[in-house]
Amino acid sequence: MRKYTPKDNVQGKAYYTDRFWVAPRVPRLDVEAESHFADVVKALGRKAKESYVEIGQLVVHIKATENFNVLKILKESCGYTQCSEQSAVDYLAKDGEFELFYQLLNISEAKRVRVVCRIKEGEAIESVQPLFKSANFAEREMFDMFGIKVNNHPFLKRILMPDDWEGHPLLKTYPMIGDEFASWYEVDKIFGKEYRDVIGPENRDPARIDRYDTKRFSRVGYEVPFGADISEGEIENPIEYSETVLVDYTKNSSKQLDERR
Amino acid sequence: MQQPNKLTPFFENLNFEREDNTMVINFGPQHPSAHGQLRLVLELDGEQVVKAYPDIGYLHRGIEKMAENMTYNEFLPTTDRLDYIASTSNNYAYALAVEKLIGIEAPRRAQVIRTMLLELNRIISHLFFVATHALDVGAMSVFLYAFREREFAMDLMEDYCGARLTHSAVRIGGVPLDLPAGWLENAATFCDKIDHEIEHTYGALLNENRIWKMRLEDVGVISAENALSWGCTGPMLRGSGVNWDIRKEEPYELYSELDFDIPVSDRCDSYGRFRLYMEEMHQSARIIRQLIPMYKKTEPQLMAHAPQYISAPKEEIMTQNYALMQHFVLVTQGMRPPKGEVYVPTESPKGELGFYIKSEGEPYAYRLKCRAPSFFHTGLLQELLVGTYIADVVTIIGTTNIVFGEVDR
């Protein structure tokens with residue numbers, strides 16, 4: 001049987017992992033160690049499901065439906081006046097969920113809090129744009145990259161990708177060199193669908209080398225008509241490797257010893 | 001509305017047939033003042049902007065996606081392409097985030113070199129700002145003078161790492177190289193030179209220039225509350241009277257040992273921000289001057305000693321079998337930081353540049369989010385431009401100092 005490759009996470013993976021390797025975890029400290037963070041958790045009360053300090057910053061896990069209220073409390077009573085960043089992490093393959101985070105900054109205390117919540121696939125999240133205007137762009141980017149809908153956002157539209165794009169690039173199911181839609185997008189846009197056979201799909205593999213590609217000016221140094229043969233009778237050579245480095249032990253030249261010397 | 005067909009294609013610049021009297025014009029993405037690839041759709045009533053819509057994404061290369069498909073060391077040169085005006089700041093912000101995640105600290109000499117390079121990059125970036133901002137507003141000669149001094153700074157970068165633009169001058173755990181002979185003397189000469197030039201060339205040409213002040217004063221006014229709400233950082237925030245600099249408030253590297261001031265302006269307008277940039281260059285030069293004697297007192301070690309994550313020095317790899325084996329594993333498989341997440345902010349020339357890294361204990365980051373200051377400053381444009389006149393649009397874009405490498409990522 002051929003090897004089965006899971007399609008729910010097509011990102012880069014380690015080619016070898018030791019069977020006994022157990023990844024350690026960054027230490028999570030108790031919030032009581034820092035009085036300011038303890039006050040923040042107290043102000044949130046039961047809204048904070050789980051809280052700890054990780055690498056100097058407070059992390060608070062909340063329910064996704066309470067995100068607006070929690071951020072409102074943090075802004076109005078704890079002094080977190082800036083939302084530095086807001087985005088998501090794709091855990092669809094493992095848990096069927098997205099993890100959303102809001103990175104907040106308190107300027108007077110020089111403290112940072114990360115508010116984390118989880119939503120199921122297809123669920124929407126309430127916009128925090130009325131509290132922090134920076135969420136306007138950040139939530140649009142999250143929608144563009146993950147397809148997470150944001151309720152009551154003033155202008156939820158794709159931001160980095162073109163408006164007529166299909167698919168959400170930062171999902172783990174989306175391959176890095178793009179999917180089939182991506183390979184036809186520019187051909188369809190510039191020449192039209194009827195030219196698909198003439199031009200062919202866009203090759204988005206950055207490591208691909210076509211030695212006899214007439215479209216690459218760098219190869220020949222001067223302009224040639226499309227499809228012209230520039231090989232000058234040269235036959236295509238397969239890559240050969242030096243035999244001085246790679247020794248072929250199947251050859252008769254190698255001698256096998258019958259007994260131990 | 002236009003009815004586009006093959007004979008009369010859609011003209012995106014013109015859209016007159018509206019019910020009200022406003023005109024929609026399209027600014028960019030190839031406008032010389034668009035600072036790269038900003039497309040700005042402006043709705044004008046006469047000469048006044050009634051609606052602005054910044055359209056970004058023309059330089060989107062999916063850098064966050066690439067981070068999920070590269071090992072941690074492989075990704076570092078990619079960060080050069082974020083804010084390509086000050087590459088070392090990006091390299092450093094990323095390296096610092098990974099170092100925090102794996103819990104190591106760079107050796108003293110590497111810290112001195114890094115801090116020097118960061119401040120040199122701040123000067124390079126600020127000179128670029130002064131030059132292009134002046135050019136956008138119409139002062140051609142400042143552009144030439146500022147680029148002249150920027151060349152000297154670029155020469156210093158080139159002497160150190162061999163590259164002028166995409167430096168990759170920082171590694172996770174330290175720096176790759178020691179300073180070449182004569183570098184410190186050149187840096188000291190440059191600091192004196194730049195101090196003199198700021199005072200006597202750019203300052204003399206612009207600070208009290210009547211036209212410059214008319215074009216910049218009370219243009220692009222942002223209140224402190226608005227600046228915080230829109231996620232403004234760096235000079236955009238300090239230009240609104242908020243005294244917030246990550247180098248002072250959450251010090252990293254050697255900033256806690258250095259003596260420097262944070263200039264703050266409460267004018268809230270473009271002119272105040274311009275003066276901030278000028279003063280910050282002075283402060284950067286002051287920092288580099290303090291670092292020169294500090295360098296001489298350091299031990300020659302350049303990379304942190306953490307064999308699990310960072311390859312041993314070359315002579316150990318070439319002489320010791322175990323170091324070679326570890327190096328082989330680190331190169332072929334990549335380092336495996338512990339599980340966890342980290343958000344590390346740094347003060348890049350443009351503002352708060354932060355990297356959020358979520359690690360699942362694999363050699364590839366599970367998620368990497370680059371918090372780019374320019375991204376949020378671009379978002380601010382949709383509010384800041386409303387009510388201003390079309391002549392001020394370019395000034396306001398210039399004053400935000402956005403770089404599209406990091407807006408679109």
Side-chain angles (χ1 to χ4, degrees), chain A residues 10-17 21-28 54-57 59 75 81-91 94 99 101 103 105 107 110-112 114 116 131-138 140-141 144-145 155 158-162 169-170 172 174-178, chain B residues 53-57 60 62 64-66 68-71 100-103 225-226 228-233 237 242-244 246 249-250 332-334 336-345 352 354 356 358-364 366-367 369 371 375-376 378-380 382-383 407-409:
Chain A
V10 292
Q11 304 313 304
K13 287 188 196 68
Y15 76 90
Y16 174 76
T17 302
W21 164 255
V22 180
R25 168 167 279 294
V26 173
R28 291 175 166 176
E54 190 167 349
I55 313 186
Q57 294 175 13
V59 183
K75 185 183 176 184
T81 46
Q82 191 171 58
C83 178
S84 311
E85 182 57 282
Q86 194 273 310
S87 195
V89 186
D90 176 357
Y91 278 110
K94 213 167 102 199
E99 189 176 287
F101 67 90
Q103 182 73 44
L105 166 66
I107 278 193
K111 292 276 185 252
R112 289 172 194 269
R114 184 157 52 248
V116 179
L131 294 172
F132 303 104
K133 287 171 181 170
S134 60
N136 185 327
F137 259 37
R140 270 179 75 185
E141 193 192 332
D144 190 359
M145 293 292 138
F155 192 58
R158 281 194 183 268
I159 186 166
L160 294 176
M161 304 304 288
L170 275 180
K172 292 284 176 190
Y174 198 92
M176 186 170 78
I177 58 168
Chain B
Y53 165 58
D55 184 10
I56 60 174
H60 181 224
E64 286 165 14
K65 184 76 175 175
M66 287 159 83
E68 294 176 10
N69 289 281
M70 285 178 169
T71 62
K100 282 267 169 73
L101 187 64
I102 60 185
E225 196 191 340
N226 236 347
L228 282 170
S229 181
W230 275 104
C232 289
T233 45
L237 189 58
V242 182
N243 187 355
W244 175 258
I246 297 166
E249 308 291 339
E250 302 170 291
T332 53
Q333 295 179 20
R336 290 169 199 259
K339 281 185 191 173
E341 51 182 1
V342 67
Y343 174 79
V344 177
E352 176 183 326
Y356 168 84
K358 178 108 192 174
S359 160
E360 289 288 328
E362 282 161 15
Y364 299 85
Y366 193 78
R367 170 91 169 96
K369 181 83 184 79
R371 191 264 183 224
F375 181 75
F376 293 96
T378 315
L380 167 75
Q382 56 193 302
E383 191 176 288
V407 175
D408 296 339
R409 299 185 298 274

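Every chain is numbered from 1 and lettered A, B, ... according to where its sequence line falls, protein lines coming before strand lines.
- Remark: the backbone N or O of B:Y343 is not paired with any side-chain donor or acceptor of A:E85 at under 3.5 angstrom.
- Chosen from B:R336, B:Q333, B:E360, B:E64, the residue pairing most often with chain A at heavy-atom distances under 4.5 Å is B:R336.
- The greatest number of non-hydrogen atom pairs below 4.5 Å with chain A, out of B:V342, B:N243, B:D55, is found for B:V342.
- Annotation for A:S134 and B:G231: closest pair CB-N, 3.7 Å, computed over non-hydrogen atoms.
- Ranked by heavy-atom pairs under 4.5 Å with chain A, the list B:P338, B:G103, B:G57 is led by B:P338.
- For B:L380, no part lies near chain A; criterion is any non-hydrogen pair under 4.5 Å.
- In terms of heavy-atom pairs under 4.5 angstrom with chain B, the leader among A:K75, A:R28, A:E99, A:K111 is A:E99.
- Cation-pi geometry between A:K133 and B:F376 is not satisfied (NZ or CZ under 6.0 Å from the ring centre, within 45° of the ring normal).
- To the nearest 0.5 Å, atom CE of residue A:M161 and atom CG of residue A:L170 are 9.5 Å apart.
- Figure legend: B:R367 and B:Y356 shown without cation-pi pairing, the cationic atom not lying both under 6.0 angstrom from the six-membered ring centre and within 45 degrees of its axis.
- Per-residue heavy-atom pair counts under 4.5 Å with chain B were compared for A:P169, A:S84, A:P162, A:S87, and the maximum is reached by A:S84.
- Using a 4.5 Å cut-off between heavy atoms, A:V22 does not touch chain B at all.
- At a 4.5 Å heavy-atom cutoff, the contact between B:W244 and chain A is made by side-chain atoms alone.
- With respect to chain A, the highest number of heavy-atom pairs below 4.5 Å among B:H60, B:E383, B:M66, B:E341 belongs to B:E341.
- A donor-acceptor contact shorter than 3.5 Å is absent between the side chain of B:E352 and the backbone of B:R371.
- In this structure, B:N69 contributes its side chain and A:Q11 its backbone to no donor-acceptor pair below 3.5 Å.
- Interface remark: B:V242 contributes side-chain atoms only to the contact with chain A (heavy atom separation under 4.5 Å).
- Ranking A:F155, A:Y16, A:Y174, A:F132 against chain B, the residue ahead of the rest is A:Y16, based on heavy-atom pairs under 4.5 Å.
- Heavy-atom distances place the side chain of B:K369, and not its backbone, under 4.5 Å from chain A.
- Interface summary for chain A: among B:M70, B:E249, B:R409, B:E362, the most heavy-atom pairs under 4.5 angstrom belong to B:R409.
- Only the side chain of B:L237 comes within contact range of chain A, with heavy atoms under 4.5 Å apart.
- Put simply, the side chain of B:E68 never gets that close to the backbone of B:K65: no donor and acceptor are under 3.5 Å apart.
- Only the side chain of A:Q57 comes within less than 4.5 Å of a heavy atom of chain B; its backbone N, CA, C and O stay farther away.
- At least one side-chain heavy atom of B:T332 sits less than 4.5 Å from a side-chain heavy atom of A:Y15.
- Using a 4.5 Å cut-off between heavy atoms, A:D90 contacts chain B through its backbone alone, with no side-chain atom that close.
- Of the listed residues B:P345, B:P54, B:S359, B:P363, the one with more heavy-atom pairs under 4.5 angstrom with chain A than any other is B:P345.
- Checking side-chain atoms of A:K172 against main-chain N and O of B:Y366 turns up a donor-acceptor pair under 3.5 Å.
- Only the side chain of A:L105 comes within less than 4.5 Å of a heavy atom in chain B; its backbone stays farther off.
- At distances below 3.5 Å, not a single donor-acceptor pair connects side-chain atoms of B:K339 with backbone N or O atoms of A:V26.
- In this structure, chain B has no heavy atom under 4.5 Å from any part of A:A135.
- Judged by the 6.0 Å distance and 45° axis criteria, A:K13 is not positioned over the aromatic ring of B:Y364.
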